[in-house]
Amino acid sequence: MMIGYSRGLVTLWDRESRKVEHHFLGNQQLESLYWESAGSSFISSHSDGGYMVWAESSNSSTTLSPVTSTVPYGPFPCKAINKIQWQSSSCGNHFILFSGGMPRASYGDRHCVTIMQGKNLVTLDFTSRVIDFFTVCPIKSEDGYDNPTALVVLVEEELVVIDLQTPDWPTIPAPYLAPLHSSAITCSYHISNVTLKLWERIILAGEQQNPHFSSMSWPIDGGKSLAEEPAQRGLLLTGHEDGTVRFWDASGVALRPLYRLSTAGIFQTDCDHNESLNQSGEEDWPPFRKVGCFDPYSDDPRLGIQKIALCKYSSKLVVAGTAGQVLVMDLNDDKSDQLVSVATIDLLQDREGFTWKGHDRLTPRNGSLVFPPGFQTSLLIQCVPPAAVTAVSLHSEWNLVAFGTSHGFGLFDYHKRSPVLAR
């Protein structure tokens, strides 16, 4: 048994003879210990952001210095490595996985888990605090190696699983425990008895959104589900503060994410600057990789989704937002390049003496836009004044959409692209 003390001393205790076999004299505050699978050596992590590999010496009862000592993100002062694991692999290099250890001055506020194998290193960057992590290994290994298949990380707001068998270590999509509030929920819409054709098209669009996800099956496969197969297909749509609509399989006992629709790209906003910041170059150190989908920050509060309406027979979708924007969308299985028609409806009909003191309307992008497979915007109806939309109704047989704000309501024929009335 290994006993580690906060000042750095590690003691090897033999349980049968009930005595100390060996002392290892570390000189840094100790945070975490992990045995190598063969039991002949171990790894320790420390408060200075470093780790040490120790081996027992046969010719003395005390080891004064480690075999190797490394500060992976040095040489400048680093935060503590809170937890470390060391897993052997039949392909040669060990896996070393640890949380923390970031350079204190530049990245001390980041929540990270690092995966190292030989010369490969990835810094998984999470948007909420890392609580714990573990690796999934085969129960029986014929060659004696650990051969970890997946890394499971629990952070404060979500559970993220990484495929360790595939090069580049992609994320495995979770069948449960996906964070509903990846951005704050502003509205929701539920449909039961969804037609099979619409269901399959939404799933297909969602699968095409995530080509970088791992195809590995979910690695946590113990137990047996006692839930019965759902009798019907239920769809939950959640509107979010960042202008996204997320589609969830609400048929069973756990909500499963199917598809994500973003409306931010139709407007000129500050959302694009984040994406350019996230794309790290080859020379960047540490090599951060954003993982997980919890992202509570919204660049523009006007993008928030207020109301949703979906016709399960015609696949028409209406999404209305905080700045009086009403988007009419069609489901398309292919990528397309199209212009978005823009129509403005004055709900006050030029009433004199009224001055709108709220936020400005969102500015639509010019020219044609490229839409990925899925729901694609064909029409933007802008309410004036641009108050938040408080109600929408869709009648796809008559090609009509109705919408209301705190100032009045409008009715629009989206086939003829013309207003029917405004009050």
Side-chain angles (χ1 to χ4, degrees), residues 1-4 10 12-13 15 30-46 50-56 66-68 70 72 81-101 111-126 130-155 158-178 212-225 254 287 289 291-292:
M1 188 165 70
M2 194 80 72
I3 304 169
V10 178
L12 186 63
W13 175 264
R15 291 177 61 198
L30 185 68
E31 296 287 332
S32 169
L33 289 172
Y34 200 83
W35 280 105
E36 187 236 354
S37 54
S40 57
S41 52
F42 69 95
I43 194 166
S44 61
S45 73
H46 300 272
Y51 65 83
M52 301 177 186
V53 176
W54 301 81
E56 189 178 342
V67 179
T68 59
T70 310
I81 292 179
N82 312 105
K83 178 176 178 177
I84 194 162
Q85 284 198 4
W86 190 21
Q87 304 281 4
S88 58
S89 171
S90 53
C91 63
N93 292 309
H94 282 70
F95 276 96
I96 293 177
L97 310 104
F98 60 84
S99 60
H111 311 290
C112 297
V113 172
T114 300
I115 307 173
M116 297 169 61
Q117 188 187 26
K119 292 183 178 178
N120 297 327
L121 186 149
V122 166
T123 312
L124 305 176
D125 188 11
F126 298 92
V130 176
I131 306 294
D132 199 6
F133 71 87
F134 66 87
T135 48
V136 180
C137 301
I139 295 171
K140 292 180 180 177
S141 177
E142 295 173 3
D143 51 11
Y145 290 102
D146 296 316
N147 288 330
T149 56
L151 166 68
V152 182
V153 185
L154 176 68
V155 292
E158 58 187 321
L159 182 78
V160 179
V161 179
I162 306 295
D163 176 358
L164 295 179
Q165 292 181 310
T166 307
D168 296 333
W169 303 321
T171 302
I172 303 170
Y176 45 71
L177 291 178
H212 55 282
F213 275 180
S214 168
S215 56
M216 176 181 165
S217 58
W218 187 244
I220 300 157
D221 54 5
K224 186 173 84 173
S225 174
R289 182 198 295 171
V291 283

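A pairwise comparison of heavy atoms in Asn82 and Gly100 identifies OD1-CA, 4.0 Å as the closest pair. Nearest heavy atoms, Gly144 versus Ser37: O-OG, 4.2 Å. Considering every non-hydrogen atom in both Ser214 and Pro170, the closest pair reads CB-CG, 3.6 Å. Shown here for Ser88 and Pro148, the closest heavy-atom pair between the two residues is O-CD, 3.7 Å. Across all their heavy atoms, Pro175 and Ala254 have their closest contact at O-CB, 4.5 Å.
Ring-plane geometry between Trp169 and Phe95 is classed as tilted, the angle between the planes lying from 30 to 60 degrees on a 0 to 90 degree scale.
We find the CG-CE distance between Leu164 and Met216 to be 8.0 Å, quoted to the nearest 0.5 Å. For the atom pair Asn93 CG and Met116 CE, the distance stands at 10.0 Å (nearest 0.5 Å). Rounded to the nearest 0.5 angstrom, Ile115 CD1 and Leu151 CG are separated by 5.0 Å. Interatomic distance, CG of Leu33 versus CE of Met2, reported as 6.5 Å (0.5 Å rounding). Remark: Ile43 CD1 to Tyr51 OH distance equals 6.0 Å, nearest 0.5 Å. Remark: Gln85 CD to Trp35 CH2 distance equals 15.5 Å, nearest 0.5 Å.
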Problem set entry | Derivation and outcome, side chain to side chain contact (heavy atoms under 4.5 Å, CB included), residues Ile220 and Tyr176 | CA-CA 11 Å; Ile220 300 157; Tyr176 45 71; 4.3 Å; yes

Exercise. Run the side chain to side chain contact (heavy atoms under 4.5 Å, CB included) check on Asp125 and His111 step by step: do they pass?
Worked result: CA-CA 6 Å; Asp125 188 11; His111 311 290; 5.6 Å; no

For this session: Could you please spell out the steps behind the side chain to side chain contact (heavy atoms under 4.5 Å, CB included) verdict for Ser32 and Ile81?
Result: CA-CA 8 Å; Ser32 169; Ile81 292 179; 6.0 Å; no

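Looking only at distances, no side-chain donor or acceptor of Glu31 sits under 3.5 Å from a matching main-chain atom of Ser45. When atom types are taken as modelled, the side chain of Lys83 and the backbone of Asp132 share no donor-acceptor pair closer than 3.5 angstrom. The backbone N or O of Ser90 sits less than 3.5 Å from a side-chain atom of Asn147, completing a donor-acceptor pair. Not a single donor-acceptor pair under 3.5 Å links the side chain of Thr114 to the backbone N or O of Thr123. Side-chain N or O atoms of Thr149 include one that pairs as donor or acceptor with a backbone N or O of Val136 at under 3.5 Å.
Ser41 meets the side-chain contact (heavy atoms from CB on, under 4.5 Å) test with Glu36, Ala55, Trp86; sequence neighbours excluded.
Screening Leu177, Leu159, Val130 for a side chain to side chain contact (heavy atoms under 4.5 Å, CB included) involving Leu154 leaves a single residue, Leu159.
In this structure the side chain of Phe133 never reaches within 4.5 angstrom of the side chain of Ile162, judged on heavy atoms.
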